[in-house]
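One structure below.
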Amino acid sequence: MPTTTRILPIDPHRPDPSALEEAARVLKRGGLVAFATETVYGLGADATDPGAVARIFEAKGRPSFNPLIVHVGDTTMARACVEAWPDRARVLADAFWPGPLTLVLRRSTCIPDVVTAGRDTVGVRIPGPAVARRLIERAGRPIAAPSANRSNGISPTLARHVLEDLDGRIDLVLDSGPTTVGLESTVVDLTSADPTILRPGPVTPSEIERAMGVRVVSSGGPGTDPGGPRTSPGQLAIHYAPRTRALRVEDAGALEGFSWPRRSALVVVGGHDLADPPALIRRFDLETPEEAARDLYRVLHECDALSVEVVVVVLPPDNPEWLAVRDRLGRATLPAR
Ligand code: TXA
Ligand code: MG
């Protein structure tokens with residue numbers, strides 16, 4: 001696998017066609033290209049080429065039971081990836097695409113087993129950024145892309161994060177700067193009687209309910225048995241985790257009597273009244289759900305770089321607007337005590 005990873009800077013607003021062409025060429029010959037979506041950087045390969053897709057699993061060290069999301073440039077390409085395009089899919093695509101919503105539908109024959117981990121369903125979405133969509137258009141085929149990190153690590157929101165994990169394991173990184181949304185897409189399964197949220201994300205359950213006019217159910221909370229038919233196999237209890245020991249508490253009061261080590265970092269999410277503990281190396285305050293989504297992974301990457309003994313995260317309130325951020329923090333940390 002060792003290869004030289006090239007980095008091509010690209011303007012997110014006016015992407016240089018020759019850089020896109022070059023990246024599309026790498027994809028068409030079975031290579032791996034990391035590129036920014038609005039959520040996190042994805043590690044892309046030609047979804048119709050089993051050998052190329054296998055390289056994604058190898059580069060990430062990803063278990064083969066975990067299926068990949070297929071990124072498409074428009075709904076015509078989405079429909080080619082699936083067996084049927086039910087009314088519900090049309091409604092959600094009209095409402096949220098391009099955007100951070102993945103639809104799980106029955107797959108068509110153009111999607112090989114390695115993409116779906118042998119399942120008869122496939123996750124598809126149209127990403128928002130111009131770089132991502134034009135890259136897919138130029139490649140002229142659907143692009144399978146998980147987050148561009150080593151399996152179980154923190155998802156990348158900067159090209160630098162991709163290189164920290166995958167330098168020398170992939171062909172190219174298109175560096176278009178920080179991602180804007182910062183948390184992975186909402187994954188909704190449309191193959192069951194009730195639409196089911198397999199992974200909470202930037203598009204909330206109530207937004208989906210409003211668009212569809214039907215109730216949606218949720219599955220796949222932290223600790224859910226992976227691999228079951230109604231869960232997202234990627235939703236492992238420990239995931240998205242920093243290397244540093246990371247502990248969570250529900251509120252500032254729970255830190256009374258906490259024995260702080262000599263070097264610690266504090267991440268306060270959702271606005272808590274809390275004085276700095278002794279010998280704190282660094283504190284991060286993430287006030288709103290949007291700010292927390294956008295900056296959480298960058299903050300966790302920074303905590304790892306500080307070489308502290310512990311990262312303590314004070315959680316935001318347990319209410320719907322914080323659902324996705326709490327989900328990721330629940331997997332990135334262990335309860336204190
Ligand atoms: O925002 C995102 O979704 C990013 C960007 C790059 O698009 N991608 C991403 O991919 O987060 P990944 O592979 O890290 O997570 C994909 C999630 C996993 O939890 C996986 O199990 C689930 O989607 N998934 C994919 N296909 C599925 C399917 N057919 N059925 C159930 N879950 C599926
Ligand atoms: Mg991932």
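For clarity, every value in this text was computed on a predicted model and none was experimentally measured. Every number for a ligand or one of its atoms is a count from 1 in the order of the listing. The chain is numbered in sequence order, starting from 1.
When each atom of ligand 1 is checked for a heavy atom of Ser147 under 4.0 Å away, the hits are 8 (N), 9 (C), 10 (O), 12 (P), 14 (O). Atoms of ligand 1 lying under 4.0 Å from any heavy atom of Leu198, numbered from 1 in the order shown and given with element: 31 (C), 32 (N).
Distance check, rounded to the nearest 0.5 Å: CG of Asp171 to CZ of Arg55 gives 8.0 Å. Rounding to the nearest 0.5 Å places CZ of Arg138 at 12.0 Å from CD of Glu22.
Contact annotation for Arg107 and ligand 1: no heavy atom of the residue comes within less than 4.0 Å of the ligand. Residue contacts with ligand 1, taken as heavy atom pairs separated by less than 4.0 Å, do not involve Asp189 at all.
Under a 4.0 Å heavy-atom criterion, His71 is in contact with ligand 1. Judged by the shortest distance from any of its heavy atoms, Arg62 lies inside the 4.0 Å radius around the atoms of ligand 1. For the ligand labelled ligand 1, residue Ile69 lies inside the 4.0 Å heavy-atom shell.
By the side-chain contact (heavy atoms from CB on, under 4.5 Å) test, Ser206 is found to be paired with Thr204, Arg210, residues two or more places apart in sequence or in another chain being considered.
Considering backbone and side-chain N/O atoms, Glu184 never comes within less than 3.5 Å of an N/O atom of ligand 1. Considering backbone and side-chain N/O of Thr121, one or more are found under 3.5 Å from N/O of ligand 1. Remark: ligand 1 and Thr39 share an N or O pair separated by less than 3.5 Å (distance only, no angle test). Looking at ligand 1, you'll find an N or O of Asn66 within less than 3.5 Å of one of its N or O atoms.
Closest non-hydrogen pair, Glu309 versus Arg245, comes out as O-CB, 3.7 Å.
For the residue pair Thr157/Arg294, the side-chain donor-acceptor check at 3.5 Å is not satisfied.
The only member of Leu43, Asp175, Ile170 that meets side chain to side chain contact (heavy atoms under 4.5 Å, CB included) when paired with Val162 is Ile170. With Ser185 as the fixed residue, the side chain to side chain donor-acceptor pair (under 3.5 Å) test singles out one of Thr39, Thr102, Thr37: Thr102.
Residues in residues 120-130 take part in these salt bridge (Lys or Arg N to Asp or Glu O under 4.0 Å) pairs, two or more places apart or across chains: Glu38-Arg125, Arg106-Asp120.
Taking the six-membered ring where tryptophan is involved, the planes of Phe35 and His71 are perpendicular, since the angle between them exceeds 60° and thus also 30°.
Looking at Pro67, Gly201, Gly42, Ala145, it is Pro67 that brings a heavy atom closest to atom 27 (C) of ligand 1.
Residue Ser151 does not count as close to the Mg ion (ligand 2), with no N, O or S atom under 2.8 Å.
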